[in-house]
Amino acid sequence: MKSILNLTVAGLVLALASAASQAGEVKVSGVHICCGMCVKAIDAALKDVQGVSAAKGDAKTKVVVFQAADDKGAEAGVKALAAAGFYGEAKHGDVVVAFPASGAKADAKADTIVLTGVHLCCGGCVTASTKAVKEVAGVTDAKGDPKAKTVTVTGSSVEVAKAVEALNKAGFYAKAGGDTK
């Protein structure tokens, strides 16, 4: 009787563990994808990620879809997209998958902010990213550097987190670190 109970409990634990780590589709909406080079960058970012397959970026819908072997694969795929400078609302089934933190402190303000790791493969990316941050209060100018993958924001007491948030809403991931003045 005891062994049947142990087997039943072990089976339940195994079932719960597998249910918590399901394979399935990951959909990332609102990603900045303006051209074929953006699509190629997405393909390259996800190509060799363990637990990720069948990745596809769509410039018309601004959506990236990939198959994840499990929750770890979903998280790894989202992390790879962020490392490539892309951002969006990611869901693995009905579960939201968070992008890595940007490093922006909620109360930090600066007159110059250098946001790094931004996907800027073409003029369309540069225009969209700089236009997005120019909407932030206090910003007087923004310049994108495709080679450095940076957006430099200038102004007066610009909230760093708001600048990052503006890029995120436009479909770009960015890191904010010590490059603020």
Side-chain angles (χ1 to χ4, degrees), residues 22-104 113-136 139 141-153 160-177 179:
Q22 292 288 322
E25 182 179 272
V26 176
K27 183 177 181 180
V28 188
S29 304
V31 179
H32 177 84
I33 311 171
C34 67
C35 67
M37 291 189 332
C38 291
V39 173
K40 286 181 183 180
I42 290 165
D43 291 345
L46 295 172
K47 181 181 177 194
D48 295 324
V49 177
Q50 188 172 358
V52 171
S53 63
K56 182 169 176 46
D58 188 328
K60 289 182 184 175
T61 62
K62 310 294 184 198
V63 171
V64 175
V65 176
F66 61 89
Q67 294 299 311
D70 53 23
D71 293 341
K72 286 183 182 179
E75 291 170 9
V78 168
K79 187 175 179 181
L81 286 171
F86 295 98
Y87 187 91
E89 182 183 315
K91 287 192 175 182
H92 181 205
D94 292 332
V95 177
V96 173
V97 182
F99 272 74
S102 70
I113 306 165
V114 180
L115 301 169
T116 62
V118 184
H119 173 80
L120 301 171
C121 70
C122 67
C125 293
V126 172
T127 299
S129 63
T130 56
K131 180 180 177 185
V133 293
K134 285 180 181 178
E135 299 295 320
V136 176
V139 173
D141 197 18
K143 290 188 176 25
D145 183 342
K147 287 184 181 179
K149 298 182 179 182
T150 60
V151 174
T152 301
V153 180
V160 178
K162 294 286 186 189
V164 170
E165 183 181 309
L167 279 176
N168 291 167
K169 285 182 181 176
F172 298 95
Y173 180 79
K175 288 287 247 178
D179 289 351

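Quick caveat, the model's predicted, so the values are computed rather than measured. Residue numbers start at 1 and run along the sequence shown.
Val28 and Ala90 get closest at one heavy-atom pair: CG2-CB, 3.9 Å. Annotation for Pro100 and Ala82: closest pair CD-CB, 3.6 Å, computed over non-hydrogen atoms. Summarising the geometry of Met37 relative to Cys122, their closest heavy-atom pair is CE-CB, 3.9 Å, with the distance given to 0.1 Å. Contact record, Val133 with Ala163: CG1-O, 3.6 Å, taken as the closest heavy-atom pair. A pairwise comparison of heavy atoms in Val160 and Ala104 identifies CG1-CB, 3.9 Å as the closest pair. The nearest pair of heavy atoms linking Val52 to Gly73 is CG2-O, 3.3 Å.
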Handout entry: side-chain contact (heavy atoms from CB on, under 4.5 Å) between Leu167 and Val118, intermediate numbers included
Key = CA-CA 9 Å; Leu167 279 176; Val118 184; 4.2 Å; yes
Handout entry: side-chain contact (heavy atoms from CB on, under 4.5 Å) assessment of Lys149 paired with Leu120
Key = CA-CA 6 Å; Lys149 298 182 179 182; Leu120 301 171; 5.5 Å; no
Exercise for the section: Check step by step if side-chain contact (heavy atoms from CB on, under 4.5 Å) holds for Leu81 and Leu46. Expected result: CA-CA 7 Å; Leu81 286 171; Leu46 295 172; 4.0 Å; yes
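Here Lys143 contributes atom NZ and Ser129 contributes atom OG; the two are 12.5 Å apart, rounded to the nearest 0.5 Å. One distance of note links CD of Gln22 with NE2 of His92; it measures 7.5 Å at 0.5 Å rounding. Here Lys169 contributes atom NZ and Lys162 contributes atom NZ; the two are 7.0 Å apart, rounded to the nearest 0.5 Å.
Paired with Thr150 under the rule side chain to side chain contact (heavy atoms under 4.5 Å, CB included), one option of Ile113, Asp145, Leu115 passes, and it is Asp145.
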With a cut-off of 3.5 Å and sequence neighbours excluded, list every side-chain donor-acceptor pair involving residues 58-67.
| residue | atom | partner | partner atom | Å |
| --- | --- | --- | --- | --- |
| Asp58 | OD1 | Lys60 | N | 2.8 |
| Asp58 | OD1 | Thr61 | N | 3.3 |
| Lys62 | NZ | Ile33 | O | 2.5 |
| Lys62 | NZ | Ala59 | O | 3.2 |

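Residues that satisfy the salt bridge (charged side-chain N to carboxylate O under 4.0 Å, His left out) test with Glu89, not counting sequence neighbours, are Lys91.
Screening residues 69-91 for ring-ring contact (aromatic ring centres under 6.0 Å, His included) gives Phe86-His119, Tyr87-Phe99 as the qualifying pairs, with residues at least two apart or on separate chains.
Counting heavy atoms from C-beta outward, Cys121 and Cys35 have side chains that approach closer than 4.5 Å.
Ionic pairing of Lys131 and Glu135 is not present here: no N-O contact between side-chain nitrogen and carboxylate oxygen is shorter than 4.0 angstrom.
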